[in-house]
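Note sheet for the following structure.
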Amino acid sequence: MCLAVPGKIESIRGEDFARVARVDFSGIKKEISLAYVPEANIGDYVLVHVGFAISKIDEGEAKQVFEYLAQMGQTGGTLVGSPEELKL
């Protein structure tokens with residue numbers, strides 16, 4: 001199963017394919033490659049998978065995903081449902 005997590009770009013360094021952003025994931029900050037999203041700028045929200053930003057998303061979508069992740073945390077991080085329901 002692949003999971004991409006939204007984060008907000010706080011700063012950017014480098015140029016072209018070497019652009020690296022410092023991204024805030026609700027308080028956890030990581031450096032992320034912007035090679036696949038060259039149009040991303042400071043203040044944008046991006047979806048991140050294995051250290052790479054793979055697309056830009058709007059703030060509303062990002063907040064909705066943060067709410068889903070918070071709800072999962074309230075259930076102990078356990079997915080609820082059968083494998084068929086979860087399409088695993």
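Phe25 and Tyr45 fall into different hydrophobic clusters, defined by Ile, Leu, Val, Met, Phe, Trp and Tyr side-chain heavy atoms under 4.5 Å apart, directly or through other members.
In this structure, NZ in Lys29 is found 10.5 Å from NZ in Lys8, a value given to the nearest 0.5 Å. Summarising the geometry, atom OG belonging to Ser11 is positioned 7.5 Å from atom CD belonging to Glu31; distances are rounded to the nearest 0.5 Å.
Pairing each heavy atom of Pro6 with each of Leu47, the nearest pair is N-CD2, 3.8 Å. Of all the heavy atoms in Phe52 and Ile32, the pair that sits closest is C-CG2, 3.8 Å. Residues Asn41 and Asp44 come closest through the heavy atom pair N-OD2, 2.7 Å. Nearest heavy atoms, Ala53 versus Tyr36: O-CB, 3.5 Å. The two residues Ile9 and Ala21 make their nearest non-hydrogen contact at CG2-CB, 3.9 Å. Shortest non-hydrogen contact noted between Ile42 and Ile12 is N-CD1, 3.8 Å.
No side-chain heavy atom of Val23 sits less than 4.5 Å from a side-chain heavy atom of Lys30.
With His49 contributing its side chain and Leu3 its backbone, the two residues share a donor-acceptor pair below 3.5 Å. A donor-acceptor pair under 3.5 Å links the side-chain atoms of Arg19 to the main chain of Pro38, judged by distance alone.
Using a 4.0 Å cut-off between a side-chain N of Lys or Arg and a carboxylate O of Asp or Glu, Lys56 and Glu39 do not qualify as a salt bridge.
Among Gln71, Glu67, Met72, the single residue meeting the side-chain contact (heavy atoms from CB on, under 4.5 Å) criterion with Leu69 is Met72.
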